[in-house]
There are 2 protein chains.
Amino acid sequence: MSRAEYPVYLQLRDRLWTWIEQEQLCSQQKLPSERELSERFGTTRVTIRQALSQLEAEGLIFRSNRRGWYITPERLRYDPSRDIGFNHYVTEQGFSPRTETLFKELTEMPPWLSEITGLPVGTPIYHVFRRRYVNERGLLVEHNFINPAKCPGLLSESTDLSIWKMLKEQYDLVPDHRDIEIYPLALKGLEAESLNVNQGTAGLYIHRLSFDQEGEFLELDREYWLHDALKISVHVGSRH
Amino acid sequence: MSRAEYPVYLQLRDRLWTWIEQEQLCSQQKLPSERELSERFGTTRVTIRQALSQLEAEGLIFRSNRRGWYITPERLRYDPSRDIGFNHYVTEQGFSPRTETLFKELTEMPPWLSEITGLPVGTPIYHVFRRRYVNERGLLVEHNFINPAKCPGLLSESTDLSIWKMLKEQYDLVPDHRDIEIYPLALKGLEAESLNVNQGTAGLYIHRLSFDQEGEFLELDREYWLHDALKISVHVGSRH
DNA sequence: GCTCCAATCTGGTATATACCAGATTATGGA
DNA sequence: TCCATAATCTGGTATATACCAGATTGGAGC
């Protein structure tokens, strides 16, 4: 039955997609186990996993480490060029945000960062590592490297809210210009562990380097997002 | 040997990475075949494929359909907010660009596009589908939807160069503002075929919707990039 | 030197079968 | 009722083994 045209695992992908629609499974609902699916669709677990991985790549479903497969919620819209806090834009879109500070410390500027900021290696630097949730799904982890010369005592404050807001309100610091980099990568090491996903899971990297009006280094933000979690949306140009 | 701590395919990943460094394989060079690698590293083809897929996700190597594995060239830097032609910025970075027009036609605006542009369904619209290469590796395919009311006769021109440049020089059209969207997705269907990659290969989607000074629809650009091919780089703010 | 075709090489797909490790659930005792 | 622990369920890893289909190569015949 059904020749040549189309490999089995892609046919399975289609059947799973249809099945999910029929069952009206929605955001964050759980799929049956792989063993059950492979029986129900008359194939082996290996092959059903290929089909599931395909749907994962397409962003329809995601896996929660050794717990099972779930329906992916819709993407969060995000504009990295604007200074608006995570909690703010998540709430604005009708979701519920949460932030966990995994660690924060005063450390010394490593060579790679020195190269970016122009400041000498060993300069004191704040380092904050946080995990952010939307509707209790961890979507990203984020490293903030902040220039303590600009905001002494920052680490004694709570970092579970917007750092940007704190910099503005407590230290009167507003970024004047930034360099932004964005590219797809594989989540691995610390970032994969912190998000509780497998090594090599697809992700999106967002890098924001901010300077103040004097052209001095203010902050570097390195965000590691799940690939299916966000949609970057930017408006460029005059009006609107 | 080597217990619990680390799965074999990740160890293999590390060994392959080291091996590639030692051999000093560089951009677009070919790796030995999977069968040869699995023998050389004392494992099965299935497992070596897991390790190779890992390196593929990380962007170190890429596959060319049924031909083999190759070292990924460095990422192309790209600023979607600027109006600068593909050929221009590719050349600028020391690479050699090429564009193929796969088809171009005058058609009618479909519902999904009508929703975005605000123009009625069925309005005439130019549709150009192109493939772009850097150093003879196809990195992206691109759909251009252009408003013919703004540039009658555009399709008789060659579309193998910059459409943006043509709009500017021949029709005096410059986008006044745009909406840009960026997100990771899986390449599939026409886009996967045209880039000669497997269904479900990781990709990056870039969407640029341009309006002229009257606020009227000028052009929609939908780009499908290989995930390992580019690094988006944008400068935001005042000086520099 | 060229063209065409067959042999061969490559990765892609598919099945069967274990066992492992973390997460969850059930159970039984305090 | 609560808590610790054991049983069970889940996806993750690993090996062996086919065969398929597109790409490349090599050689025969012109």
Side-chain angles (χ1 to χ4, degrees), chain A residues 1-16 29-57 61-70 136 138 187-188 192-201, chain B residues 1-16 29-57 61-71 136-138 187-188 192-201:
Chain A
M1 208 142 292
S2 73
R3 246 309 51 69
E5 28 142 336
Y6 219 49
V8 174
Y9 80 97
L10 287 179
Q11 294 176 32
L12 273 174
R13 184 219 87 113
D14 295 344
R15 289 171 61 198
L16 275 167
Q29 273 192 280
K30 191 175 185 304
L31 268 66
S33 77
E34 293 177 356
R35 286 167 235 259
E36 193 181 328
L37 285 172
S38 58
E39 234 177 276
R40 188 184 309 220
F41 288 89
T43 181
T44 67
R45 207 180 129 217
V46 183
T47 307
I48 207 83
R49 271 172 71 82
Q50 263 186 291
L52 289 168
S53 300
Q54 184 75 19
L55 290 174
E56 181 191 29
I61 61 180
F62 70 93
R63 59 180 101 190
S64 177
N65 212 333
R66 282 175 216 271
R67 296 201 309 123
W69 295 89
Y70 299 82
E136 289 311 308
L187 301 173
K188 47 177 204 166
E193 276 168 36
S194 307
L195 286 171
N196 200 25
V197 296
N198 293 330
Q199 298 285 318
T201 298
Chain B
M1 207 143 295
S2 70
R3 243 315 46 69
E5 28 139 339
Y6 219 51
V8 174
Y9 80 98
L10 287 178
Q11 294 177 31
L12 272 175
R13 183 221 89 114
D14 295 344
R15 290 171 61 197
L16 275 167
Q29 273 191 281
K30 192 176 182 306
L31 268 66
S33 76
E34 294 177 357
R35 285 167 236 261
E36 193 181 330
L37 285 173
S38 57
E39 235 178 276
R40 187 184 310 219
F41 288 89
T43 181
T44 66
R45 209 181 128 215
V46 183
T47 306
I48 207 82
R49 271 172 71 80
Q50 264 186 290
L52 289 168
S53 300
Q54 184 76 18
L55 290 174
E56 180 190 31
I61 61 179
F62 69 94
R63 57 180 103 189
S64 178
N65 212 332
R66 282 173 215 273
R67 296 202 307 125
W69 295 89
Y70 299 81
I71 306 292
E136 290 310 310
R137 180 185 177 209
L187 301 173
K188 47 177 204 166
E193 277 168 36
S194 306
L195 285 170
N196 200 24
V197 297
N198 293 331
Q199 298 285 317
T201 298

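Letters A, B, ... mirror the listed sequences (proteins, then strands); counts begin at 1.
With sequence neighbours left out, the salt bridge (charged side-chain N to carboxylate O under 4.0 Å, His left out) criterion links A:Glu36 to A:Arg40. Remark: B:Arg66 engages no residue in a side-chain contact (heavy atoms from CB on, under 4.5 Å) (not counting sequence neighbours). For B:Asn196, the side-chain contact (heavy atoms from CB on, under 4.5 Å) test picks out B:Asn65, with sequence neighbours left out. Take A:Glu34 and apply the side chain to side chain donor-acceptor pair (under 3.5 Å) test, not counting sequence neighbours, and it matches A:Arg45, A:Arg49, A:Trp69. Remark: B:Tyr9 engages no residue in a ring-ring contact (aromatic ring centres under 6.0 Å, His included) (not counting sequence neighbours). Contacts of B:Arg67 classified as salt bridge (charged side-chain N to carboxylate O under 4.0 Å, His left out), with partners at least two apart in sequence or in another chain: none. Looking at residues two or more places apart in sequence or on another chain, you find a side chain to side chain donor-acceptor pair (under 3.5 Å) between A:Thr47 and A:Thr44.
Whole-Å rounding puts the A:Leu12 CG to C:dT13 P distance at 13 Å. Distance CZ (B:Arg35) to C1' (C:dT8): 11 Å, rounded to an integer number of Å. Whole-Å rounding puts the A:Glu193 CD to C:dA21 C1' distance at 15 Å. A:Trp69 places its CH2 atom 11 Å from the C1' atom of D:dG12, with the value rounded to the nearest Å. The CD-P distance, from B:Gln199 to C:dG12, rounds to 13 Å in whole Å. The distance between atom CG of A:Asn198 and atom P of D:dA14, rounded to the nearest whole Å, is 12 Å. Residue A:Glu36 contributes atom CD, which lies 18 Å from atom P of D:dT8 at whole-angstrom precision. The nearest whole Å value for the distance from the CZ atom in A:Phe62 to the P atom in D:dG11 is 13 Å.
Checking D:dG11, D:dA14, C:dG12 against every side-chain atom of A:Ser33, the shortest atom distance belongs to D:dG11. Comparing C:dT10, D:dA14, C:dA14 against the side chain of A:Tyr9 picks out C:dA14 as the nearest.
Here the CG-CD distance, from A:Asn198 to B:Gln54, works out to 9.0 Å after rounding to the nearest 0.5 Å.
Looking at heavy-atom distances under 4.0 Å, A:Arg63 makes contact with sugar-phosphate atoms alone, never a base.
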Show the distances under 3.5 angstrom between N or O atoms of the protein and N or O atoms of nucleotides 23-26 of chain D.
unit_1 : atom_1 : unit_2  : atom_2 : d
D:dT24 : OP1    : B:Arg67 : NE     : 3.3
D:dT24 : OP1    : B:Arg67 : NH1    : 2.8

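In this structure, B:Thr201 and B:Leu195 have side chains that are not in contact, with every pair of non-hydrogen atoms separated by 4.5 Å or more.
Heavy-atom distances under 4.0 Å link DNA chain D to A:Arg45, A:Arg49 of residues 40-57 of chain A, given in residue order.
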